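What follows is a short report on a single structure.
Just so it is clear, the structure is predicted and the values come from calculations on it, not from any experiment.
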Amino acid sequence: MSKQGSLLAMNAVTIKDVASAAGVSVATASRVLSGHPATSPASRTKVESAAKELGFMPNAQARSLRSTKTDSIALLISDVRNPYFSDLAHAVEQHARAAGLMTFIGNANEDAAQQDDFLATMLSRRVDGLVIVPQGLNEESNQPSEMMNRVLSSGIPTIFVDRALPSVQVPAITANSAQALDEAVATLHSLGHRIIAFIGGPKHASTALERYSAFETALANHGLQADEALHFIGDFQPASGALAAQWLLDNPAKPSAVIIADAPMAIGALRVWREMGVRVGADLSVITFDEVDAMLIHDPPIATIGHDLSQMGKMAVQALREVMAGQKPEPEELISKFTLRPSVAPAKATQVMEGKVRP
């Protein structure tokens, strides 16, 4: 933030301040910030830039003083390309529609800055509530972003879904994978697998932390030790899954099985293994999170850890409506389920004795 912005942030920033910084009239600034179409692209660019620089949140600041409802909510998902989040968005939108609410859907692209841009826009558009898949903590300060803090302090009804921020007291609808991971590891152990790799997500995402922690516990429950050399930290996107696939093949420990923390990384990894001639199931047992169609139509079908996304969407809309009504719903967890499929097979004798991925 500029020196001017820092000084103004110490006091309440007004629309007059924004107009002055943008070099336009107060009327023009007001039209831009209210979304009025009768503004030029140049004016919109200058006003929106000035408002962002000064930290001006007009409708968020005035929310407690107005009673107008828009019968609309906003949903922010992590990655529109991820079939898991596409299914979740569909569930939220359909249940919101049944409740008489229209839904604006935004894509964070697994990026906190893109998340913050969408949140700022939705505050200015006067939506009645927010359903957010939070993009994690600021990796340097271990705190929510400045924009997330503004959202939470604005008074707009907000809930989290799928992920949570541990330091933030916001109702969250999440999933618990401990039982499913224990079943998955137990199954692999019973089939002779002793060296099991884990392709996980970024450490600042609550789901990544929860899944790897549950994996470590499951290993201990079945007499196996966690090894950081068998933990690949990805970013929930296909490219990191592809890198992880090669990492696994080059890993000196020669894992005979792997658990992958989400579908996009699994898609990236499966493509590489196919190109390298690795036979899933026969050469390498694979389990992934997310019960999505891509895993079911793979040859062979992939064993999954997943939960009911329609139910998660329904619970998210219900929790948000409760917050909008002035209530304080408790956080809720869905219990994930392990589904065994042909991507999991007995470890070969050579794998058990020598840790080989391929014969």
Side-chain angles (χ1 to χ4, degrees), residues 48 51-52 55 57 60 72-93 96 102-125 127-154 156-168 170-175 200-211 233-241 261-268 289-290 292 309 312-313 315-317 319-320:
E48 289 170 356
K52 184 176 182 179
M57 291 288 122
S72 64
I73 64 172
L75 166 67
L76 179 73
I77 59 174
S78 291
D79 189 346
V80 70
R81 299 166 300 178
N82 185 335
Y84 171 92
F85 286 114
S86 296
D87 289 348
L88 177 60
H90 179 264
V92 169
E93 190 273 334
M102 296 299 292
T103 305
F104 295 99
I105 300 175
N107 172 40
N109 203 38
E110 294 287 0
D111 180 75
Q114 193 162 319
Q115 162 194 265
D116 290 353
D117 287 343
F118 178 77
L119 294 178
T121 299
M122 288 301 100
L123 285 175
S124 71
R125 293 298 184 268
V127 293
D128 295 333
L130 295 168
V131 179
I132 302 172
V133 180
Q135 295 312 288
L137 303 170
N138 180 302
E139 296 182 62
E140 295 180 358
S141 65
N142 201 37
Q143 294 295 322
S145 68
E146 180 182 350
M147 177 54 65
M148 181 66 77
N149 282 325
R150 288 183 188 175
V151 166
L152 300 178
S153 65
S154 73
I156 183 173
T158 301
I159 68 143
F160 293 154
V161 66
D162 184 67
R163 303 178 187 175
L165 298 180
S167 62
V168 175
V170 170
I173 311 300
T174 57
K203 290 186 175 180
H204 58 280
S206 66
T207 43
L209 293 171
E210 186 267 339
R211 290 169 185 178
I233 300 175
D235 62 4
F236 287 146
Q237 302 215 25
S240 68
D262 85 332
M265 290 194 301
I267 290 169
F289 275 79
D290 302 343
V292 297
L309 286 174
M312 176 173 271
M315 292 166 67
V317 172
L320 181 62

Exercise. Looking at M148 and P134, what are the two nearest heavy atoms and their distance?
Worked result: CE-CB, 4.2 Å
Exercise. Can you list the residues that meet the salt bridge (Lys or Arg N to Asp or Glu O under 4.0 Å) rule with D111, with sequence neighbours excluded?
Worked result: none
Exercise. Any donor and acceptor pair, going by atom type alone, linking the side chain of Q135 with main-chain N or O of Q115 inside 3.5 Å?
Worked result: no
For this session: Check side-chain contact (heavy atoms from CB on, under 4.5 Å) between E48 and all other residues, then give those that pass, not counting sequence neighbours.
Result: V32, R44
Exercise. Under the ring pair (Phe, Tyr, Trp, His ring centres under 6.0 Å) test, which residues partner Y84, sequence neighbours left out?
Worked result: H307
For this session: Would you check, one step at a time, whether the test side-chain contact (heavy atoms from CB on, under 4.5 Å) holds for N82 with F236?
Result: CA-CA 9 Å; N82 185 335; F236 287 146; 5.7 Å; no
Exercise. Roughly how far, to the nearest 0.5 Å, is the CG atom of D290 from the CG atom of D87?
Worked result: 9.5 Å
Exercise. Should L119 and I132 be marked as a side-chain contact (heavy atoms from CB on, under 4.5 Å) after you check the CA-CA gap, both sets of side-chain angles, and the distance that decides it?
Worked result: CA-CA 9 Å; L119 294 178; I132 302 172; 3.7 Å; yes
Exercise. Okay, side chain of T158, backbone of L152: is any donor-acceptor separation there less than 3.5 Å?
Worked result: no
Problem set entry | Nearest heavy atoms of A91 and L309, plus distance in Å | CB-O, 3.5 Å
For this session: Take I156 and L123 through the side-chain contact (heavy atoms from CB on, under 4.5 Å) test and state the conclusion after the steps.
Result: CA-CA 8 Å; I156 183 173; L123 285 175; 4.0 Å; yes
Exercise. Taking atom CZ of F104 and atom CE of M122, what is their separation to the nearest 0.5 Å?
Worked result: 6.0 Å
For this session: Determine whether S78 and R163 make a side-chain contact, defined as any pair of heavy atoms from C-beta on separated by less than 4.5 Å.
Result: yes
Exercise. A208 and P202: which non-hydrogen atoms are nearest, and at how many Å?
Worked result: CB-O, 3.1 Å
Exercise. To the nearest 0.5 Å, what is the distance between CE (M312) and CG (D162)?
Worked result: 5.0 Å
Exercise. Quick one: side-chain contact (heavy atoms from CB on, under 4.5 Å) partners of V80, sequence neighbours excluded?
Worked result: I77, N107
Exercise. Roughly how far apart are I173 CD1 and L88 CG, rounded to 0.5 Å?
Worked result: 11.0 Å
For this session: With sequence neighbours left out, write down each residue that passes salt bridge (Lys or Arg N to Asp or Glu O under 4.0 Å) with D79, or none if nothing qualifies.
Result: R81
For this session: Heavy atoms only: give me the nearest N149-P144 pair and the separation to one decimal.
Result: ND2-O, 3.6 Å
Problem set entry | R211 to F289, cation-pi by 6.0 Å centre distance and 45° axis angle | yes
For this session: Apply the test salt bridge (Lys or Arg N to Asp or Glu O under 4.0 Å) to residues K52 and D117: give CA-CA distance (whole Å), side-chain angles for both, the deciding distance (0.1 Å), then the verdict.
Result: CA-CA 9 Å; K52 184 176 182 179; D117 287 343; 3.2 Å; yes
Seminar exercise, completed: Separation between CZ (F118) and CZ (R125), nearest 0.5 Å, reads 10.5 Å
Exercise. What pair of heavy atoms forms the shortest contact from Q237 to N109, and how long is it?
Worked result: NE2-O, 3.6 Å
Exercise. Atom OG in S240, atom CG in D262: separation rounded to 0.5 Å?
Worked result: 7.5 Å
Problem set entry | For A96, all residues meeting side-chain contact (heavy atoms from CB on, under 4.5 Å), sequence neighbours excluded | I73, L101, T103, V317
For this session: Kindly give the heavy-atom pair with the smallest separation between L320 and V131, and that separation in Å.
Result: CD2-CG2, 3.6 Å
